[in-house]
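Before any comments, here is the structure.
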Amino acid sequence: MVITVLTWAGSWIAMKMVVPYIGPFDFVVVRYVCGGAVLLAVALATRRRLSMPSWRDTVAVGLIQTAAFQGVVQQALVHGGVAKVSLMAYTMPFWVVLFGWMLLGERPTQRHWLGIALAALGLVCIIEPWSHVGDNLSVLLGIAGGLFWGLGTVLAKRGFNRHRPDIVVFTGWQMFIGGVAMAPVALAVPQIATVWNTQLLLGMAYIILAASAAGWLLWLIVVRRVPASVAGMSSLGTPVIAALLAWPIFGEKPAPVEGVGMVLILCGLIVVARAAGRSPPRPLPA
């Protein structure tokens, strides 16, 4: 989880850097078709079977967790800064708690609720609903991305419980399917022309190999091993690190109240991590 958080924090910086050179939907297609192809090639090289025990679950996760999530988030980055968009997308853990309770029967403990409350208070400090919210469109798109990601995470967890697919093959297919699903949107929606330069090539290399192929594989390994609510809450470290990186790189200096929000989010993570350590997850029936 720590490696995943650090890798994805860097990916938000890379995504913002490539925004001026490629359309948001073209980006999603290139990122996930290539990232999925890399993992499927690894599966073939390691002699894994490419068939899936449940194509329905794989397609559902690909459409929701990959295509829908990344499509709205990348569009949000066109209109807003890294810090605010990433933090809005990371309302995901709260959606995970809701969907996990509804679909998986993962009832949160008191410690989980305490961690969620601290993190929620931190997000409120960062959103600052009592003041003017800069670009409302980017905020709404970011929150929609969090909802899609949360639902996709819970559906992936349910698929692992029911069918126990090969993690490399599952990750590769869901990414590839999500990328292909976005191709018609990329062709239909007007976007800027792609400008292939050094910055775009280096950014896409990091995003495809590290953030997509490796990052999503690590993420789904975590989702398979721990309760969905714990995985979701642990990921909240990513936007905090991304916001801190955006400060020196893009000049997105966090306001004092945003700094308080980041501290509250980290406190929530610590509480949830301790709760996970004290209460081993009870395996669900297949």
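In this chain, numbering begins with 1 at the start of the sequence shown.
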Where the side chain of Lys157 meets the backbone of Leu104, is there a donor-acceptor pair that is under 3.5 Å apart?
no
Main-chain N/O of Ala43 paired with Thr46 side-chain donor or acceptor, under 3.5 Å
yes
For the pair Gln74 (side chain) and Phe27 (backbone), establish whether a donor and an acceptor sit closer than 3.5 Å, ignoring hydrogens and angles.
no
What distance do Leu63 atom CG and Met182 atom CE have between them, rounded to the nearest 0.5 Å?
10.5 Å
Looking only at the side chains, is there a donor atom on one of Arg56 and Ser54 sitting less than 3.5 Å from an acceptor on the other?
no
Do the two ring centres, one from Trp101 and one from Trp95, sit under 6.0 Å apart?
no
Indicate the atoms forming the closest heavy-atom contact of Met175 with Ser212, along with that distance.
CE-CB, 3.5 Å
Do any N or O atoms from the side chain of Gln65 and from the backbone of Leu151 form a donor-acceptor pair under 3.5 angstrom?
no
Quick check: does any side chain N or O of Tyr206 sit under 3.5 Å from a backbone N or O of Thr7, one acting as donor and the other as acceptor?
yes
Return yes if some donor-acceptor pair links the side-chain N/O of Trp8 with the main-chain N/O of Ala211 below 3.5 Å, else return no.
yes
Counting N and O atoms only, with roles assigned by atom type, does the side chain of Gln174 sit under 3.5 Å from a partner on the main chain of Val59, one being a donor and the other an acceptor?
no
Can you give me the closest heavy-atom contact between Pro165 and Arg224, atom names plus distance?
O-NH1, 4.2 Å
Can you see which heavy atom on Val154 is nearest to which on Val96, and at what distance?
CG2-O, 3.8 Å
Give, for atom CD1 of Ile207 and atom OG of Ser11, the distance between the pair rounded to the nearest 0.5 Å.
7.0 Å
Should the ring pair Trp216 and Phe69 be called parallel, tilted or perpendicular, given that the plane angle runs from 0 to 90° and is split at 30 and 60?
perpendicular
Output yes when a side-chain donor or acceptor of Trp149 lies under 3.5 Å from a complementary backbone atom of Ile64, and no otherwise.
no
Look up atom CE in Met204 and atom OH in Tyr21, then write down how far apart they are to the nearest 0.5 Å.
14.0 Å
